[in-house]
Amino acid sequence: MELSLFYLSALIAVASTLMVVIQLNAVHALLYLIVSLLASGFIFYLLGAYFAAVLEVIIYAGAIMVLFVFVVMMLNLGQKTLAQEKSWFYPGIWRGPVLLSSLLLAELIYVVAQAPRVDFGQVVDSKTVGIALFGPYLLMVEAASMLLLAGLVGAYHLGRPLKEKSSS
Amino acid sequence: MTQVPMQHALALAAVLFSLGLAGLLVRRNLIMMLMSVEIMLNAAGLAFIAAGSRWGQADGQIMFLLILTLAAAEIGVGLGLVLLVYRRFQTLDADRLNGMQG
């Protein structure tokens, strides 16, 4: 039963990711991406990574997607961009990239299929994760906070008004 | 918990990663390219979670947390750059951005 849940959510994730790639309208693609991330979150839950599943929903499907929606709204992409996208997405442009990616996928699947079959699914609860996070990985947590600070400062620097820059 | 074959979880991560890669190569809209990068990062996180669940170790989830942090910082700076590009060139076409001004 739970195995079929895994396959169902995997199917949803793959289908919605495919729709993200081929969707012309940016907002529709974003909504499909949210569905894909929620399906991945459910897969994390099924694999026993509860903490990661919660973070996937809160940060990926919540915060990062809200950022995307805000930027799409600020850029005010309307019918004009839809026609533009349609002209960019003519048949034939996808042949090379799809060929290369499917070759890569075939290689990956081949390598993965070589390994002996192992059934798994051990629960790693958030207590263990927290203890590891603030024990051996403490320095990495600090480095991640530095990275977030750098991202914040960089985003602020890029987002300030252009006029100020040209006058100075 | 569910007993999932290891290969199938890794194969799912591989499929999602390839889809993201194909999207990154095919699309010309900068926002779509950023979305494809997100898909690829998420697929890498899925592989880490599967490995962590396979051996019952917390390291997989910690790596996923770091990928999440990286994705958040990357998307903040990336969307700032997209806004800047749109303000300067009035377009999101990645192919139009082929000139540099000293």
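A, B, ... follow the sequence lines: proteins, then strands. Residue 1 opens every chain.
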Legend entry - chain B contact via A/Tyr137 - which portion, at a heavy-atom distance below 4.5 Å: side chain
Inset, instruction - Sort A/Leu33 into side chain, backbone, both or neither according to what part of it lies under 4.5 angstrom from a heavy atom of chain B. - result: side chain
Legend entry - Derivation of the ring pair (Phe, Tyr, Trp, His ring centres under 6.0 Å) call for A/Tyr7 and B/His8: CA-CA 9 Å; A/Tyr7 290 122; B/His8 295 181; 5.5 Å; yes
Legend entry - Note, A/Leu105 side chain near B/Leu21 side chain (heavy atom, < 4.5 Å): no
Inset, instruction - For the pair A/Met74 and B/Tyr86, evaluate side chain to side chain contact (heavy atoms under 4.5 Å, CB included) and give the outcome as yes or no after the intermediate values. - result: CA-CA 10 Å; A/Met74 276 172 79; B/Tyr86 188 74; over 6 Å; no
Inset, instruction - Could you check whether the rings of B/Phe64 and A/Tyr60 sit parallel, tilted or perpendicular, using 30° and 60° as the cut-offs? - result: tilted
Legend entry - A/Leu67, part contacting chain B, at a heavy-atom distance under 4.5 Å: both
Legend entry - Heavy-atom proximity to chain B below 4.5 Å, by part of A/Ile109: side chain
Inset, instruction - Please state whether the side chain, the backbone, both or neither of B/Leu81 comes within less than 4.5 Å of a heavy atom of chain A. - result: both
Legend entry - Side chains of A/Phe51 and B/Leu65 in contact at under 4.5 Å (non-hydrogen atoms): yes
Legend entry - Heavy-atom contact with chain B under 4.5 Å, split by part of A/Ser40: side chain
Inset, instruction - Please flag which part of B/Ser36 lies under 4.5 Å from any non-hydrogen atom of chain A: side chain, backbone, both or neither. - result: neither
